[in-house]
Structures are given as C-alpha cells and as structure tokens.
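Letters go in sequence order (proteins before strands), and every chain restarts at 1. Here the structure is a predicted model, which is why all the values come from computation and not from measurement.
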2 protein chains.
Amino acid sequence: MTTGASTPRALPAEYPEPLWAQARAALRTRIESGEVKPGSRLPPERELCRMLAISRVTLRKALTALVEEGALRPAHGRGWYVTTPERGDWPNTLESFSETARRMGLAATSRVLRSELGPSTLDEAEAFQIAPGTPVYRLDRVRMLDDVPIAVDESLLPAGVAEGFDDADFTTGSLYDILTGLGHRLAQADTTIEARPADAGLAGHLDIASGTPVLEMRQIVRDPAQRPLLSSTIRYAGDRYRLRTSFARGTGA
Amino acid sequence: MTTGASTPRALPAEYPEPLWAQARAALRTRIESGEVKPGSRLPPERELCRMLAISRVTLRKALTALVEEGALRPAHGRGWYVTTPERGDWPNTLESFSETARRMGLAATSRVLRSELGPSTLDEAEAFQIAPGTPVYRLDRVRMLDDVPIAVDESLLPAGVAEGFDDADFTTGSLYDILTGLGHRLAQADTTIEARPADAGLAGHLDIASGTPVLEMRQIVRDPAQRPLLSSTIRYAGDRYRLRTSFARGTGA
DNA sequence: AAGTGGTCTAGACCACCCC
DNA sequence: GGGTGGTCTAGACCACTTA
C-alpha cells in the first residue's frame, strides 16, 4: 500500500473498482446489516484506515459519498454518526415509487398498458437527439399500491437502451433497477412538475373524476455522457400521492 | 507550500476560508465573467495548480464542487469543460421563483398579506423543536410575475432567525437571499409536493376558480446543524407555474 | 490534553483520448 | 506517445469537542 493505484486488490481485477468505492460498499454493508446501529458512532477515521487498509484520503472519499447518500453525518470534533432512518434519507433524489411503497409497507405493482417498439415522432426524436422515425420503445403502465391505481407512467426509451427488455418483468420490477441491471448508469434527471386537471382517459385508468387535480412529473434521465436514456411522464392522482425529496447543499465538502 | 495547512494565505486570516473554497471562487469568477467561454476547455489541472499555487488534490476538490454546482463537466482524457448555460443549470435544487422569473424575462414581485410575530401552535412548535407558544414569525405573500398572481407563499420562521427582518423588503426581495444576507446558512431542504384543488380563499388570491388544480409544495429548510430555519408552504396556480429541477447522481466522485 | 474530523501537500501510477 | 483526468499514498498541521 505504498505505491499509489498500482495495487487494485480485493476484487479479482477485471473491473478494478476504485478502492474508495469498495470502502464505501464495505461501510454501507455494515450499516445496512445493523452491525453499526443508527445514531451510533463509527470507529475513528484512522482506525477505519487500518481496518480497511486504505489511506485516510481514500477513506474520506468513501465517507463523503455516504454522506451524499444520506447514510452518514460527520460531527467535527466528535466522529461520524450513522443517520437515523426516520429522517435524512432521500437526499437529492426523488423518493421512487418503490421506495415509497416500502416505507409505507404497501405492495408496488404495475399493469402494463403498452410495451412495444415503434417509430419516434418529431418531438420524441428531438428529445433523444435521434432521427425522426428511429425506433423507440414505449412502456405505458398503471402503477398501483396494494391494487389501488395511483399513477399512469408513460416511458420512452431509445431502442438501443431497451435491448434486453424481453426478459424483464414490468409488473413488479422497477424500471430504474432494470436499467441499472443492464449496465446503464443513470447520472442526471432533469425534471419538471406541475398540477393539471385529469383528462377523460387518465381519469378512467385512475378511477377518478375528470378534472380532478393530477400531479404531472416529466423526467429526462441521462447517462454520465449526457446521452438521454429515458423520457418519462408520470401522472399521479392528486389525493393519492405526494412527491418527497430532500435537497442538500453540501456546505462545501 | 510544503507543510500542509500551516499556510492559510490569501485571505487576511480571521476566517481562513479553505484553500479549495478560494480556488472554487476564483474559478467561478473566471467562468461567470466570461473569461472562459461556455463549452470551452479549462487549462490542464497541473497548470491550474501552478496558477493557483495549490496542490492537485485541493484543486480537484474545487473542480468537483463546481461540477455539483453545474458549472463544469470533466471529460476523462480530454479536459474540463465549461457547461453550456442552456442546460446543466439547477442541479439538486429547485429553481427558485426569482430564478424562473429571470430565465423568462419577467419581473418577480410580492404582495405581503401578513408579516408579524405571533405565538406558535402545537404543530408549528413541533416542526421547529421549540416550546408551543414560543414566538414565530409569519410571512404570507402573494407572489407575482409581471403583476399576474402565480402563488401564495406562507412562510414561518423561529423568532430568532427573523431578527433583522425590520429593514427587509419582501415585495421584491427573495427570502432566501435575505436569510443568507443575514448570515444564515441553508444546508438542506426537505420537500413534499402534491396536487390539490384550490379552496375558496386561495382561489380568491390567485384569481382562479375554486377546485382548480393547485401545486402545493411544503419545505422545511435546515442549517448545517440540522436546526430548522424556515417552514414554508407555497401553492401555485396549476396552469401558471411548473417546478423545475435536475437531480445529479455524481457517479461516485 | 487527548481524541477526532478538516485541510493540505508532493509525488506516483493508471486509464482514456487523440494524434 | 504524449496529454489529460482518475485514483492512491504517507505524513503533517489546524480546529473543534470533551474531559
């Protein structure tokens, strides 16, 4: 451990995941397994360094990453503390439908309305920066909690991104999980949110009256190279769902 | 520059702002002044180190911070690029009312409905973790764009936070700007968003019909020590406003 | 005063991009 | 191959917290 990155170690090479990411994973596991209880203090940095056999700079990069995930919180002269689950979750991300379901102890399922490849319209082609008519994958679903319809999700993906969807189970699976499982990396999500009245079609799917307030969220998700991976419009029945998020401004670090 | 943090430098001491924050400020200035144009490449890291007279680790901390602010984007073998303003803004923050106004070239103003100190209710006291009845400051405003009413903002602050509000101008000023101007540091904002029908009072203020869809956003803003600074509920006329944000997942770094 | 996080440095090797 | 970012180390000093 003297000569910089020349020692990948631990992982059997191949994808030499950075040391700090390995350390982050190790710490995350310990936290999630309950080995270190919420609210309790982590061992001092210098000791963690010895335990994980990494330098302090690298360890701190892992710890900082966990802060952004909402798992840890530093306290200057006192130590690193495990966040109480109650609050401090969902930093800089919208709570996903699946996460909401889990938090409330409900079952998240979907009814697939459409799932097919088809030519893109002008607007869609522009959004994905592809030629109009290029095939895109359409996935329309009614999302439910304990069999109560909550929202209608219309998603659109470039055909290339949707390769491997044949085996996917959209009735229970999360689209995000499926995409990351296929090796896609979601880096950024541009989002707009507004309130609108439900039109007749939407009202029918959600079993509400036409004109009822609906929360409409449009997202374009991009990969680290800024390529659009997914464009989705989700319309939630106004009295059945609430978006939650927590914006952290990282006071610097 | 050989012996670690023993050389605060640059700033006349007192509050020795960290070197990486100074470097971030210097780079930010250069970008905002247009000295380095959007889309263009920054000088190589090793040269920036010489120019700013800091180590590469420190420089990279500054660069990473600017990535989270949406000002820069790294490209592995190619360099650091200034983000095109068009997109890449508003990362991990809701676009504020004032920012929206600026982007659309409209004038953001407010009509103050209430601005006074009063005893807190049970719910409010609980939210702020203070004793019920402890004074809190109430600020209710109708927010307008070019004199069209867009939203009703009901804000609530612990009395201590509101000290110095006497001189503040809420008809044109942003509450966030006023708070930061008073030295408060906003670190985290827990947010929920939902769609609801307008009640009679709200409909009157916004000049819309009762029952019209309204976007309701509730926020609790905290300082770095997790103390609540501000609790606000903003209700936007559904057909006049749209929230925008961009969630960045920093692929690790 | 001792313990713990926060900042900083100099130097090294690796991985990617482009010529 | 040469340039550029990405990762990593060892060691040092400072600032805050607690006793």
Nearest to the side chain of [X], heavy atoms from C-beta on, is which of [options]?
| X | options | value |
| --- | --- | --- |
| B:P18 | C:dG6, C:dT7, C:dT4 | C:dT7 |
| B:K61 | C:dT7, D:dG6, D:dC8 | C:dT7 |
| A:P74 | C:dG5, C:dT9, D:dG5 | C:dG5 |
| A:R60 | C:dT9, D:dT4, C:dG6 | C:dG6 |
| A:R56 | D:dG6, C:dT7, C:dT4 | C:dT7 |
| B:R78 | D:dT9, C:dG5, C:dC17 | C:dC17 |

Length of the line joining [X]:[atom1] and [N]:[atom2], which is rounded to integer Å:
| X | N | atom1 | atom2 | result |
| --- | --- | --- | --- | --- |
| B:L19 | C:dG6 | CG | P | 17 Å |
| B:W20 | D:dC14 | CH2 | P | 20 Å |
| B:L48 | D:dG5 | CG | C1' | 12 Å |
| A:W80 | D:dT17 | CH2 | P | 15 Å |
| B:R73 | D:dG5 | CZ | P | 16 Å |
| A:R46 | C:dG5 | CZ | C1' | 7 Å |
| B:E45 | D:dG5 | CD | P | 5 Å |
| A:H76 | C:dG6 | NE2 | P | 6 Å |

Checklist entry - Listed by chain and number, what are the side-chain contact (heavy atoms from CB on, under 4.5 Å) partners of B:E35, not counting sequence neighbours? => result B:R30, B:S33

Checklist outcome for this item: Taking for B:V57 and for B:A75 the nucleotide of DNA chain D with the nearest heavy atom, the one nearer the 5' end belongs to B:A75

Checklist outcome for this item: Contacts of A:A21 and B:P44 projected onto DNA chain D by closest heavy atom; the upstream (5') one is B:P44

Checklist entry - So, is A:T58 near the phosphate of D:dT7, with a side-chain N or O under 4.0 Å from OP1 or OP2? => result no

Next on the checklist: Please determine whether the number of non-hydrogen atoms from other residues, nucleotides or ligands lying under 6.0 Å from atom CZ of B:R56 exceeds 12.
Outcome noted: yes

Item to check | Considering all heavy atoms, the nearest A:K37-A:V82 contact | outcome: O-CB, 3.6 Å

Checklist entry - Between B:Y137 and B:F170, how do the two ring planes meet: parallel, tilted or perpendicular, split at 30° and 60°? => result tilted

Next on the checklist: How long is the straight-line distance from CE of A:M217 back to CG of A:L243, given to the nearest 0.5 Å?
Outcome noted: 5.5 Å

